[in-house]
Amino acid sequence: MDLRWKTASSPLPRLAAGQESQKCSQGESEVGIMSFIKAGNRKLEISNEDKVFYPDSGITKGELVEYYKRAGDMIIPYMKDRPLTMRRFPDGIEGNSFYQKNAPKGIPDWIKTEAVKNREGGTTNHIICNDVATLIFITNYGNITPHIWLSKLDDLDKPDKIIIDLDPPGDDFKAVRSAVKLIYELLTDELDLPVFLMLTGSKGVHVVLPLRPKNKFDEVRDFASELADFLAQNHPRELTTEVRKSKREGRLFLDVARNAYAQTGVAPYSVRAIENAPVAAPVNYGELSDKSMNAQKYNIKNIFKRMGQVKDPWKEINRHRFSLGRAREKFERLKSKV
DNA sequence: GTACTCT
DNA sequence: AGAGTACAACGCCTT
DNA sequence: AAGGCG
Ligand SMILES: [Mn+2]
Ligand SMILES: [Mn+2]
């Protein structure tokens, strides 16, 4: 065996069954082993579809492409008009990886991009992933996990959601389950706010509050910080807002730092670079008490069965957007009650 | 993973 | 044609 | 200005 990388050992269905991989040429220059896949009205070139991206579970780059093709219609609405950051693993999850904000040089002109100001006055030319073809295109570049802004192109300074990121100290989901309960009960029972939950596909959960995009990031983050600090003060044994790892002392970290300009969150239904290819999965609160629940419960193999059984828990998220002002009022009222 | 340069 | 190299994020907080 | 952090 002298191959440059590992390929799937047993025969797997080719992409878009019936379309053979082939050595293809363009004029004089040969461009390697390519296959093709259809997305919308486009025919996309996929290199190395049999390259193994997940060594233990044997999942190939081609299988990621298939996943994003099949899940695309579910994912795209959550990515629409949001600047994209790619997390690329060109040689699979054990190889080098990097975040990439700027669109790569030489991409076709049907890929939507947008020059976006950064905080220091420079600009970043972000891909805007508004269709399945783009999602598959970036997968071919080795993107496993698309990350998206919390704001949209029409008002990049104003987020349309708050993300409270629950980062447990270890792999035990029990800490996450009880933290979600504490937070969920505060936000729903006490503050009467709509709350949406997502298993990250890694270790934790994102608690998401949908916002009308009327306030800038700093104001929104301040409110999120107050919520997190309030919770940590009331449950000092279980929760912390300490950024310093050494000060967390085994407690679950309530991270609100993602609520900032040009910061990102993992897109719903995006794939994680973890064996078995778990996906970020929106869930309903009641599901968290399932015995089998954990942050990696859903993956590229089993998520479609779930989709057939459970309506997308975030389907209505936009209809529930509320104003920061209302939330602040409710929170102040709660704090002033003893 | 791709673009580009050097042999 | 083939080999090798360069390149691919950033905001906020703390010290 | 640099480092930690996600
Ligand atoms: Mn997290
Ligand atoms: Mn490479």
Side-chain angles (χ1 to χ4, degrees), chain A residues 4-5 23 25-35 44-53 60-62 64-65 83-93 95-108 111 113 115-127 136-151 156-157 159 163-169 200-206 216-222 224-225 228-229 240-248 252-266 272-273 280:
Chain A
R4 280 169 308 163
W5 57 74
K23 275 211 168 184
S25 319
Q26 289 176 353
E28 292 303 283
S29 61
E30 194 150 22
V31 295
I33 308 289
M34 292 288 181
S35 51
L44 297 175
E45 208 168 63
I46 304 298
S47 60
N48 308 314
E49 63 166 340
D50 288 333
K51 187 172 179 175
V52 173
F53 265 34
T60 63
K61 186 182 169 190
L64 285 181
V65 168
L84 169 81
T85 296
M86 294 181 279
R87 177 121 194 248
R88 292 179 55 193
F89 297 77
D91 296 307
I93 65 171
N96 284 342
S97 75
F98 50 92
Y99 289 87
Q100 182 163 5
K101 298 200 162 192
N102 278 290
K105 174 179 287 191
I107 61 174
I111 303 277
T113 62
V116 172
K117 294 272 180 254
N118 66 27
R119 217 99 258 219
E120 280 106 45
T123 71
T124 303
N125 191 38
H126 281 272
I127 289 176
I136 292 173
F137 181 86
I138 64 175
T139 307
N140 183 52
Y141 268 63
N143 176 76
I144 293 180
T145 314
H147 291 59
I148 50 174
W149 282 35
L150 282 66
S151 57
L156 289 171
D157 295 321
I163 299 178
I164 301 173
D165 177 21
L166 278 52
D167 287 338
T200 64
S202 179
K203 289 165 55 171
V205 164
H206 285 183
K216 295 190 172 193
F217 276 103
D218 287 3
E219 271 181 288
V220 171
R221 186 176 58 259
D222 283 350
S225 289
D229 288 337
T240 181
T241 55
E242 289 286 356
V243 173
R244 269 272 185 283
K245 281 183 166 183
S246 61
K247 290 191 161 189
R248 294 188 198 159
L252 181 144
F253 176 44
L254 298 177
D255 176 19
V256 297
R258 299 190 137 43
N259 301 283
Y261 183 81
Q263 297 307 107
T264 61
V266 164
R272 308 310 302 266

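Here the structure is a predicted model, which means the values were calculated and not measured.
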Could you tell me if the side chain of A:Asn125 sits less than 4.5 Å from the side chain of A:Thr113, heavy atoms only?
yes

Tell me whether the side-chain N/O atoms of A:Asn259 come closer than 4.0 Å to OP1 or OP2 in C:dG11.
no

Any A:Asn118 side-chain nitrogen or oxygen under 4.0 Å from OP1 or OP2 of C:dA9
no

Quick note, A:Ala260 side chain, CB onward, closest among C:dA9, B:dC4, C:dG11 is C:dG11

From CZ of A:Phe217 across to C1' of C:dC13 the rounded distance in Å is 17 Å

The nucleotide from C:dC10, B:dT2, C:dC12 with an atom nearest the side chain of A:Tyr141 is B:dT2

Over how many whole Å does the gap from A:Asp218 atom CG to C:dC12 atom P extend?
6 Å

So, are A:Asp91 and A:Lys51 salt-bridged, with charged N and O less than 4.0 Å apart?
yes

Distance check: side-chain N/O of A:Asn48 vs OP1/OP2 of B:dG1, anything under 4.0 Å?
yes

Should A:Thr124 be listed as having a side-chain N or O under 4.0 Å from OP1 or OP2 of C:dA9?
no

Rounded off to whole Å, could you give me the CD-to-P distance for the A:Gln263 and C:dC12 pair?
7 Å

Tell me the interatomic distance from A:Ile127, atom CD1, to C:dA9, atom C1', rounded to whole angstroms.
14 Å

From the candidates C:dC10, C:dG11, C:dA8, the one with an atom nearest any side-chain atom of A:Lys101 is C:dC10

Hey, does A:Ala262 reach any base, or is it just sugar-phosphate, or nothing, if we go heavy atoms under 4.0 Å?
sugar-phosphate

Give one of base, sugar-phosphate or nothing for A:Arg119, where a contact means two heavy atoms less than 4.0 Å apart.
sugar-phosphate

Using a heavy-atom cut-off of 4.0 Å across all strands, would you classify A:Ser47 as base, sugar-phosphate, or nothing?
sugar-phosphate

Out of curiosity, A:Trp149 CH2 to A:Leu156 CG, how far, rounded to the nearest 0.5 Å?
5.0 Å

Atom CZ of A:Arg88 to atom P of B:dA3: distance rounded to whole Å?
10 Å

A:Asp229 side chain to A:Thr241 side chain, donor-acceptor N/O pair below 3.5 angstrom:
yes

Polar contact flag, side-chain donor to acceptor under 3.5 angstrom, A:Ser47-A:Asn140:
yes

Anything under 4.0 Å to a heavy atom of chain A counts; send over the first and last such nucleotide of DNA chain D, read 5' to 3'.
D:dG4 to D:dG6

When rounded to the nearest Å, what value does the distance between P atoms of C:dA8 and D:dC5 take?
25 Å

Using the C1' atoms only, state how far B:dG1 lies from C:dC10, rounded to an integer number of Å.
23 Å

Spell out, as yes or no, whether a donor-acceptor pair under 3.5 Å connects the side chain of A:Glu120 to the backbone of A:Gly122.
no

Classify A:Lys51 by what it touches in the nucleic acid, base, sugar-phosphate, or nothing, heavy-atom distance under 4.0 Å.
sugar-phosphate

Over all strands shown, is A:Tyr261 touching base, sugar-phosphate only, or nothing at heavy-atom distances under 4.0 angstrom?
sugar-phosphate

Atom-pair distance (CG on A:Asn125; P on C:dA9), nearest Å:
11 Å

Go through the steps for A:Ser97 and A:Arg88 under the test side-chain hydrogen bond (donor to acceptor under 3.5 Å, both in side chains), then give the verdict.
CA-CA 5 Å; A:Ser97 75; A:Arg88 292 179 55 193; over 6 Å; no

Contact class for A:Arg248 vs. all strands (heavy atom < 4.0 Å): base, sugar-phosphate, or nothing?
sugar-phosphate

Give a yes or no on whether the backbone of A:Met86 and the side-chain of A:Asn143 come within a donor-acceptor separation of less than 3.5 Å.
no

Which residues satisfy the side-chain hydrogen bond (donor to acceptor under 3.5 Å, both in side chains) test with A:Arg258, sequence neighbours excluded?
A:Asp255

Phosphate OP1/OP2 of B:dG1: any A:Lys61 side-chain N/O under 4.0 Å
yes

Write down the distance between CD1 (A:Ile138) and P (C:dA8), rounded to a whole number of angstrom.
18 Å

Between P of C:dC12 and CD of A:Glu120, the distance in whole Å
9 Å

